[in-house]
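Note sheet for the following structure.
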Number of protein chains: 2
Amino acid sequence: MKYSTRTRYGLRLLVYLGARYKGKFLKLNTIAESEKISIKYLEQIVRLLKPTGIISVARGAHGGYKLAVDPAEINLKQIFTILEGNIDPIECLQESFDCKKKVLCSTIEVWQGLQTVIDDYLEKNKLKDVVDNYKSKHSINMFYI
Amino acid sequence: MKYSTRTRYGLRLLVYLGARYKGKFLKLNTIAESEKISIKYLEQIVRLLKPTGIISVARGAHGGYKLAVDPAEINLKQIFTILEGNIDPIECLQESFDCKKKVLCSTIEVWQGLQTVIDDYLEKNKLKDVVDNYKSKHSINMFYI
DNA sequence: ATTATATCATAGTGAAATAATATGATAAAG
DNA sequence: CTTTATCATATTATTTCACTATGATATAAT
Ligand code: FES
Ligand code: FES
């Protein structure tokens, strides 16, 4: 049970953008270098985020990305759901998945319970919380961006 | 983020054995059929469990497996750790993994927090709780085993 | 207009993990 | 000494992961 690098990178990207919220558009190349992530891979991640409206884009020269919404208004569950695709710990929990054993299954409640504590945690934590942490750790540089 | 079938099957196996705790040795074939799991795959899972002492084994004819410890004394974290190998949501949390970015990383706390809520949940839930659920759902048959 | 810059989009690839399956050895009961 | 059931390794098919490659498209600056 591991979260994908897609989610880990995506979260780091959003924290990076969140720390520079209301600033200029930032090009991916800079972010990729700064976060030590393959730019081509980041492009794919960013394309996953775009349709949800969480980031806004400027194409062409001097283009780039910025966060489109207030970090205080986004929680981690929303982010994880976009990046991880679906955060159910097992397939049986998905509505679309019709497990024949569901009626007599005694373990489904275990997974439901697990999903609940994970969901609660992710909903409780806003992007802003992580951004604040980022800012405090990178405080020296934040004025020079 | 999905838990492996190894963990799901293994849990179902242990619940099955737990519901028959203090009974005879049960052969894998019966369990595999009843739980609709490939017997050869179950053999591998069972071999994962054996060295931990959670189950006891009788070889040869009329052999099989039974739970070696009281279901009330085992929690799900112990089970998951055996089956899943390591239940950290990302590598950076493992002590053996020396992530160069840890010092300035602002997302590590997110993962640590997530790990904590998962661990807490799994520790709080005993195998007995799942077994009780199993028994109540299968109550009709429990007297004829 | 043209060029430089940066995003957009799809396809492909190598490695690893997953979920089995196959084959045969070993141990114990009857 | 045969049947039964576990023990152990090896092999395989499928899928997922984490990129990588190639080229198209859009826009700012010259
Ligand atoms: S195995 Fe699908 S609901 Fe339990
Ligand atoms: S990326 Fe490893 S600690 Fe954050």
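All values reported here derive from a predicted model rather than from experimental measurement. The chains referred to below are lettered A, B, ... by the order of the sequence lines, with proteins before strands, and numbering in each begins at 1.
Protein atom CD of B/E43 is 18 Å distant from nucleotide atom P of C/dA19, rounded to whole Å. Distance CD1 (B/I45) to C1' (D/dT6): 15 Å, rounded to an integer number of Å. If you measure from atom CD1 of B/I90 to atom C1' of D/dC17, you get 16 Å, rounded to the nearest angstrom. One can place NZ of A/K27 at 8 Å from C1' of C/dA6, the figure rounded to the nearest angstrom. Atoms CD (B/E84) and C1' (C/dA19) sit 13 Å apart, rounded to a whole Å. Taking atom NZ of residue A/K50 and atom C1' of nucleotide C/dA9, one finds them 10 Å apart after rounding to whole Å. Atom OH of B/Y3 and atom C1' of C/dA17 are 17 Å apart (whole Å). What separates NZ of A/K2 from P of D/dA18 is a distance of 12 Å, to the nearest Å.
One hydrophobic cluster, built from ILVMFWY side chains closer than 4.5 Å, holds both A/V57 and A/I45.
When distances are taken from the side chain of A/Y65 to each of C/dC8, D/dA18, D/dC7, the shortest belongs to C/dC8. Comparing C/dA11, C/dT7, C/dA19 against the side chain of A/V57 picks out C/dT7 as the nearest. Closest contact between the side chain of A/R47 and the listed nucleotides C/dT21, C/dT10, D/dC7 involves C/dT10.
Applying the side chain to side chain donor-acceptor pair (under 3.5 Å) rule to A/Y41 yields the partners A/T5; only residues at least two apart in sequence or on another chain are considered. Qualifying side chain to side chain donor-acceptor pair (under 3.5 Å) partners for B/N125, counting only residues two or more places apart in sequence or in other chains: none.
At least one side-chain heavy atom of B/L93 sits under 4.5 Å from a side-chain heavy atom of B/I108.
Look at A/Y9 and you won't find any side-chain N or O under 4.0 angstrom from OP1 or OP2 of D/dA18. Look at A/T5 and you won't find any side-chain N or O under 4.0 angstrom from OP1 or OP2 of D/dC17.
Salt bridge A/E33/A/K27: absent, no basic N to carboxylate O contact under 4.0 Å. Looking at B/K124 and B/D120, no side-chain N of the basic residue comes within less than 4.0 Å of a carboxylate O on the acidic one, giving no salt bridge.
Classification of the A/Y3-B/W111 ring pair by plane angle, with boundaries at 30° and 60°, yields tilted.
Across all strands shown, A/K40 has heavy atoms under 4.0 Å from base atoms, whether or not it also approaches the sugar-phosphate.
Judged by distance alone with a 3.5 Å cut-off, a donor-acceptor contact links the side chain of B/Q44 to the base of C/dT21.
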Interface polar pairs with nucleotides 28-30 of chain C, N/O, under 3.5 angstrom:
none

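Checking B/S38 against A/L28, the closest nucleotide of DNA chain C that is more toward the 5' end is the one next to A/L28.
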